[in-house]
There are 2 protein chains.
Amino acid sequence: MSDRPELAEAQACAQLSALAHEGRLRIFRALVSAGPKGLAAGVLADKVEISPSNLSAHLAVLTTAGLAQVTKAGRQRIYAADLAATAELVSFLVADCCGGDPDLCRDVTAKLAVSALRACN
Amino acid sequence: MSDRPELAEAQACAQLSALAHEGRLRIFRALVSAGPKGLAAGVLADKVEISPSNLSAHLAVLTTAGLAQVTKAGRQRIYAADLAATAELVSFLVADCCGGDPDLCRDVTAKLAVSALRACN
DNA sequence: TCAATATTTCAAGAAGTATTGAAATGAAAT
DNA sequence: ATTTCATTTCAATACTTCTTGAAATATTGA
């Protein structure tokens with residue numbers, strides 16, 4: 001036993017923990033809906049109604065987990081959701097599904113694709 | 001403001017919380033990989049190396065969140081992952097993405113589909 | 001009925017996470 | 001230089017969730 005899926009597992013768990021909080025979930029979804037341009041922390045604070053210091057802590061959790069990226073712009077910090085990382089997480093969740101049955105697998109893939117499409121209209 | 005996306009938000013949060021635990025994440029993925037036939041609690045306990053009472057608590061969290069289903073078979077209980085619910089959760093995570101930009105949206109959908117495909121081979 | 005098996009329930013201590021407001025940092029404007 | 005603005009850091013308290021083992025429940029087989 002010398003393979004290392006441990007890192008991925010811990011990472012996925014950290015990402016899920018980051019999302020597993022009502023405030024952070026709102027924050028993350030606000031970032032997703034803002035798109036790649038992202039949002040300044042202050043704008044976010046208004047949008048999700050969370051105090052600045054609290055928001056800052058939550059954003060740190062999301063970025064540390066790899067679900068958001070920060071860039072500095074003058075005195076503000078712009079946060080953006082990392083959708084590639086999000087897709088990776090989803091992939092990890094349903095990995096090796098269905099006991100290798102290709103028909104079932106296709107079904108799962110289809111469901112996910114439909115979900116994604118529905119989300120993106 | 002009289003729309004009610006609150007239920008969905010709380011539900012999604014509960015599901016993410018359920019997954020946001022190293023042991024439960026292993027449990028859930030074991031169920032995913034077992035497919036719709038599911039696994040008896042005892043078999044799971046061996047597979048993920050969690051004590052029966054602890055496992056039972058974790059399975060209760062997953063089923064209450066709607067990510068797993070139980071059925072009784074004699075003196076054992078068979079648990080199975082709910083992949084439709086999982087797809088719904090993913091959908092919720094990336095809802096309204098990209099500020100409505102159709103090109104970006106297509107990109108996100110593609111990423112999710114690719115992730116799903118990669119997971120299912 | 002009795003014993004064995006599979007699983008859940010319970011209680012309590014241990015560990016981890018959230019929230020708060022005040023103070024600190026760092027960048028821009030005056 | 002000083003002030004203002006955006007954000008983060010800190011420390012303390014409050015809150016939730018985990019884990020454990022022992023006891024309870026429920027089902028099957030002898």
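First the proteins, then the strands, lettered A, B, ... as listed; each starts at 1. Remember, it's a predicted structure, so these values are computed and weren't measured experimentally. For the numbers below, each heavy atom of this structure counts, side chains included, while hydrogens, waters and symmetry mates do not.
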> side-chain contact (heavy atoms from CB on, under 4.5 Å) with A:Ala20: which residues, sequence neighbours excluded?
Replying inline: B:Leu16, B:Ser17, B:Ala20

>> In this structure, how many angstroms lie between the C1' atom of D:dT7 and the CG atom of A:Leu55, rounded?
In response: 9 Å

> CD1 of A:Ile50 versus P of C:dA18: gap in Å, rounded?
Replying inline: 11 Å

> Expressed in angstrom and rounded to an integer, what is the separation of A:Leu16 atom CG from C:dT17 atom C1'?
Replying inline: 16 Å

> Does a side-chain N or O from B:His58 land closer than 4.0 Å to OP1 or OP2 of D:dC18, or not?
Replying inline: no

Could you list the donor-acceptor pairs under 3.5 angstrom formed between side-chain atoms of residues 65-79 of chain B and any protein atom two or more places apart in sequence or on another chain?
{"from": "B:Gln69", "atom 1": "NE2", "to": "B:Asp82", "atom 2": "OD2", "distance (Å)": "2.8"}

>> Going by the rule side-chain contact (heavy atoms from CB on, under 4.5 Å), which residues pair with B:Ala80 if we only count those two or more places apart in sequence or in a different chain?
In response: none

>> What is the separation between atom CG on B:Asp46 and atom C1' on C:dT5, rounded to the nearest whole Å?
In response: 14 Å

> Does A:His21 put a side-chain nitrogen or oxygen below 4.0 Å from OP1 or OP2 of C:dT19?
Replying inline: yes

>> I need the CG-P distance between B:Leu59 and C:dT7, as an integer number of Å.
In response: 10 Å

>> Under 4.0 Å, heavy atoms only, any strand: does A:Ala40 hit a base, just the sugar-phosphate, or nothing?
In response: sugar-phosphate

> Tell me: CG of B:Leu44 to P of C:dT7, nearest whole Å?
Replying inline: 9 Å

> Can B:Arg24 and B:Leu19 be said to form a side-chain contact (heavy atoms from CB on, under 4.5 Å), step by step?
Replying inline: CA-CA 6 Å; B:Arg24 284 195 298 265; B:Leu19 294 170; over 6 Å; no

> Roughly how many Å is it from CD1 in B:Ile27 to C1' in C:dT7, rounded to a whole number?
Replying inline: 14 Å

Distance-only check: which donor-acceptor pairs under 3.5 Å involve side-chain atoms of residues 43-54 of chain A, not counting sequence neighbours?
{"from": "A:Ser51", "atom 1": "OG", "to": "A:Asn54", "atom 2": "N", "distance (Å)": "3.4"}
{"from": "A:Asn54", "atom 1": "OD1", "to": "A:His58", "atom 2": "NE2", "distance (Å)": "3.2"}

>> Judged by each residue's nearest nucleotide on DNA chain C, which is more toward the 5′ side, A:Ala57 or B:Ser56?
In response: B:Ser56

> Got a sec, which residues hit side-chain contact (heavy atoms from CB on, under 4.5 Å) with A:Ala60, two or more places apart in sequence or on another chain?
Replying inline: none

> Within the distance-only criterion (no hydrogens, no angle test), does the side chain of B:Ser91 pair as donor or acceptor with the backbone N or O of B:Ala87 below 3.5 angstrom?
Replying inline: no

> Side-chain N or O of A:Tyr79 less than 4.0 angstrom from OP1 or OP2 on D:dT8?
Replying inline: yes

> What does nucleotides 20-29 of chain C look like as a protein-contact string, B for base, S for sugar-phosphate only, - for none, at under 4.0 angstrom between heavy atoms?
Replying inline: BBB----BSS

>> From the set D:dT8, C:dT8, C:dA18, return the single nucleotide nearest to any side-chain atom of A:Arg24.
In response: C:dA18

>> Rounding to an integer number of Å, can you tell me how far B:Leu39 CG sits from C:dT7 P?
In response: 11 Å

